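Values in this document were obtained by computation on a predicted structure and should not be read as measured data. To find a chain, count down the sequence lines: A is the first, B the second, and so on, and within it residues start at 1.
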Amino acid sequence: MIHSPRGVEDILPRRSSFYQWVEREASFLFSRYGYEEIRTPTFEETNLFLRSIGGETDAGKNMYTFQDKKGRSLSLRPEATASIIRAYVQHKLYREEDLWRVYYLGSMFRYERPQRGRLREFHQIGVEAIGQASPWVDVELVEMVVRFFKGLSLPRFYIRLNSIGCRSCRAGYEEKLKEYLKLHLGSLCPVCRERCEVNTLRVLDCKSDECQPIIKKAPGIEEYLCEACSAHFEKVRRGLEDLGVEFTVDSHLVRGLDYYTRTIFETISCDLGAQDAVCGGGRYDDLVEDLGGPATPAMGFSIGVERLLEALEKGGVESSRGKEGAVAYILTLDGRSQIKGYELAGFMRSEGVKVELNMSQRGLSSQLKLVNRKKIRWTLILGEKEIEEGIVILRDMDSGKQEAIEWGRWDRLKEKLKV
RNA sequence: GUGAGCGUAGCUCAGUUGGUUAGAGCACUGGACUGUGGCUCCAGAUGUCGGGGGUUCGAGUCCCCUCGCUCACCCCA
């Protein structure tokens with residue numbers, strides 16, 4: 001037997017309806033803010049990702065990279081932002097769009113050891129707003145995520161917010177932090193001793209008990225933000241407060257990808273395991289320029305769909321939420337009734353009724369059992385008797401009551417089903 | 001990449017210090033009820049014991065390798 005590859009999974013119909021529900025809610029809500037769907041390629045030139053997320057980072061090393069027949073290096077997308085910026089630059093949308101608002105849904109790929117909330121192929125729903133530096137963009141995005149999650153009734157989540165400044169103020173801070181950490185190098189956990197050099201800001205996010213006291217006394221980035229960054233962050237916070245969006249400023253929040261600037265945020269679910277960030281995002285004011293476009297400020301976020309679904313389930317949202325099964329089943333008992341069944345099914349489908357037609361040789365009793373198991377409300381029985389009498393029997397599976405409907409009197413059938 | 005735990009029927013799991021033909025519950029199929037589901041009763045089918053190799057008279061059980069799953073670290077969405 002061939003098994004699906006490691007870290008990837010089938011989303012069977014039972015579950016895909018749950019995905020569909022969340023995706024529909026997202027499209028619906030985001031489009032209310034003026035965001036339109038964009039679909040970018042599943043793979044890109046490897047260089048695109050190396051330039052955006054940073055080839056030196058682990059993220060850069062964890063890509064599914066392959067060579068095509070001409071020897072070009074391509075990679076399955078580990079995230080969508082880079083592709084969207086590439087498209088923005090490639091189609092010169094900066095010439096026509098004042099603020100380009102787009103959202104996306106789709107699979108992303110990362111070669112990592114699978115664990116809870118971390119698959120090799122996973123799904124993201126995300127948003128990018130490209131073209132404006134206004135703090136109101138930041139406010140809009142955070143507020144939109146919160147509204148989205150509340151609309152789904154996601155329980156027990158909170159927003160962590162921080163500013164990591166622009167490139168120049170961040171560099172200054174990073175240096176100060178490194179100086180400070182070096183003084184306490186001996187008391188840090190082994191992992192952080194390494195991180196201190198490679199990924200200094202990441203130390204702030206360490207959960208180990210050894211590091212905690214040192215982290216608490218570490219200089220915070222807020223003191224090192226330049227005037228412009230500081231003012232920007234202030235406006236974002238005030239905007240959110242004025243809108244009544246709850247958040248906690250966490251000066252230790254950092255992001256993994258290199259391209260973030262200024263505002264960054266995360267949505268944490270209290271109901272998940274180690275991988276508890278359901279949404280992550282931030283501003284990336286330099287990325288468009290880095291990828292060959294004109295200097296253009298932008299911001300975005302992305303939601304991990306698998307994690308979101310898990311958190312929803314933990315919070316009591318039924319995974320059958322988006323499920324809409326058939327409401328009627330046409331039970332046929334021989335060849336003649338099968339043809340009639342098609343005719344009836346055709347009518348019902350054109351009326352928008354979800355109806356399943358029997359395809360088996362099973363007997364009446366066995367088919368009713370099946371309908372019962374499928375939890376379909378109505379059964380339409382068509383056998384020899386019914387055809388001779390020119391009727392079809394409509395059975396209500398809930399009450400067990402049934403009545404004959406004259407063949408062709410579909411107005412009566414409609415009336416019955418649209419209770 | 002590191003560590004730990006797990007792989008037995010479609011699902012959840014028993015399976016003794018290695019010992020005959022590998023079990024249970026749920027689900028499934030059929031019957032009681034020959035054209036009326038759910039409840040009940042009866043009967044039935046179902047396994048490469050994840051895969052490969054080894055030890056042994058004998059392996060689901062012990063050893064090695066491998067694949068996969070799970071959780072955590074790492075990393076990050």
Sub-6.0 Å ring centroid separation between A:Phe109 and A:Phe43: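 Not under 6.0 Å, so no.
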Could you give the distance separating [M] and [N] at their [atom1] atoms, to the nearest angstrom?
N	M	atom1	result
B:rG47	B:rG38	C1'	31 Å
B:rA45	B:rU36	P	28 Å
B:rA24	B:rA9	C1'	11 Å
B:rC62	B:rG18	C1'	8 Å
B:rU40	B:rU46	P	26 Å
B:rC65	B:rG5	P	14 Å
B:rG7	B:rG51	P	13 Å
B:rG30	B:rG19	C1'	37 Å

What is the distance, rounded to the nearest whole Å, between atom [atom1] of [X] and atom [atom2] of [N]?
X	N	atom1	atom2	result
A:Leu76	B:rA77	CG	C1'	16 Å
A:Leu308	B:rA77	CG	C1'	12 Å
A:Asp334	B:rG35	CG	P	12 Å
A:Leu119	B:rC71	CG	C1'	14 Å
A:Gln367	B:rG30	CD	P	11 Å
A:Tyr329	B:rU36	OH	P	16 Å
A:Glu310	B:rU70	CD	P	11 Å
A:Leu394	B:rG37	CG	P	17 Å

I want to check one thing: is the phosphate of [N], taken as OP1 and OP2, less than 4.0 Å away from some side-chain N or O of [X]?
X	N	answer
A:Arg362	B:rU29	yes
A:Ser365	B:rG37	yes
A:Arg307	B:rC76	no

Duplex segments of RNA chain B, taken as runs of at least three Watson-Crick or G-U pairs that stay under 3.5 Å: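 Ordered by first number, the stems with RNA chain B (at least 3 consecutive pairs each) read B:1-7 with B:67-73, B:10-13 with B:23-26, B:28-32 with B:40-44, B:50-54 with B:62-66.
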Please list, in numerical order, the residues of residues 270-288 of chain A that have a heavy atom closer than 4.0 Å to any atom of RNA chain B.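 Heavy-atom contacts with RNA chain B come from A:Gly273, A:Ala274, A:Gln275, A:Ala277, A:Cys279, A:Gly280.
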Contact list for RNA chain B against residues 4-24 of chain A - heavy-atom distance below 4.0 Å: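 Correct list: A:Arg6, A:Gly7.
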Have a look at [X] and say if it touches a base, only the backbone sugar-phosphate, or nothing, with a 4.0 Å heavy-atom cut-off.
X	result
A:Leu331	nothing
A:Gln402	base
A:Glu384	base

Heavy-atom side-chain contact between [X] and [Y] under 4.5 Å:
X	Y	value
A:Met348	A:Leu413	yes
A:Asp396	A:Lys416	no
A:Ile330	A:Asn358	no
A:Gln402	A:Ile381	yes
A:Met397	A:Leu368	yes
A:Val317	A:Leu152	no

N/O-N/O pairs, protein side and nucleotides 1-3 of chain B side, under 3.5 Å:
| residue | atom | partner | partner atom | Å |
| --- | --- | --- | --- | --- |
| B:rU2 | O4 | A:Arg113 | NH1 | 2.5 |
| B:rG3 | O6 | A:Arg113 | NH2 | 3.2 |

What class does the angle between the rings of A:Tyr224 and A:Tyr173 fall in, given that below 30° is parallel, 30 to 60° is tilted and above 60° is perpendicular?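 Aromatic pair A:Tyr224/A:Tyr173 classed tilted.
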For A:Asp396 and A:Leu370, find the nucleotide of RNA chain B closest to each by heavy atoms; which residue's nucleotide sits nearer the 5' end?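 Going by which nucleotide is closer to the 5' end, it is A:Leu370.
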Can you tell me if CD on A:Glu406 sees more than 12 non-hydrogen neighbours from other groups inside 6.0 Å?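 No.
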For atom OH of A:Tyr111, is the number of surrounding heavy atoms from other residues, nucleotides or ligands below 6.0 Å larger than 12?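 Atom OH in A:Tyr111 is not packed in, count stays at 12 or less.
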Would you check if there is a donor-acceptor pair between the side chains of A:Ser75 and A:Thr46 at a distance under 3.5 Å?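 Their side chains do contain a donor-acceptor pair, which is all the 3.5 Å distance test asks for.
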Just jot down the side-chain hydrogen bond (donor to acceptor under 3.5 Å, both in side chains) partners of [X], sequence neighbours excluded, or say none.
X	value
A:Tyr104	none
A:Glu175	none
A:Ser366	A:Arg362

Out of B:rU29, B:rC71, B:rG35, which has the shortest distance to the side chain of A:Arg373?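 Ranking B:rU29, B:rC71, B:rG35 by closest atom to the A:Arg373 side chain puts B:rU29 first.
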Please tell me which of the listed nucleotides, B:rG35, B:rA72, B:rU29, lies nearest to the side chain of A:Arg116?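 Nearest nucleotide to the side chain: B:rA72.
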Show each protein N/O and nucleotides 38-43 of chain B N/O combination with a separation under 3.5 Å, one pair to a line.
| residue | atom | partner | partner atom | Å |
| --- | --- | --- | --- | --- |
| B:rG38 | O4' | A:Asn372 | ND2 | 3.0 |

May I have all residue pairs that pass salt bridge (charged side-chain N to carboxylate O under 4.0 Å, His left out) and include part of residues 118-129 of chain A, sequence neighbours excluded?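 Every pair satisfying salt bridge (charged side-chain N to carboxylate O under 4.0 Å, His left out) with a residue in residues 118-129 of chain A: A:Glu112-A:Arg118.
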Sorted by first residue and then second, give each salt bridge (charged side-chain N to carboxylate O under 4.0 Å, His left out) pair with at least one member in residues 144-158 of chain A; sequence neighbours left out.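 Only A:Glu143-A:Arg147, A:Arg156-A:Asp271 qualify under salt bridge (charged side-chain N to carboxylate O under 4.0 Å, His left out).
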Partner set under salt bridge (charged side-chain N to carboxylate O under 4.0 Å, His left out) for A:Arg116, not counting sequence neighbours: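 A:Arg116 satisfies salt bridge (charged side-chain N to carboxylate O under 4.0 Å, His left out) with A:Glu310 only.
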Which pairs pass ring pair (Phe, Tyr, Trp, His ring centres under 6.0 Å) with one or both residues in residues 394-413 of chain A, sequence neighbours excluded?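 Pairs touching residues 394-413 of chain A that pass the test: A:Phe347-A:Trp410, A:Trp407-A:Trp410.
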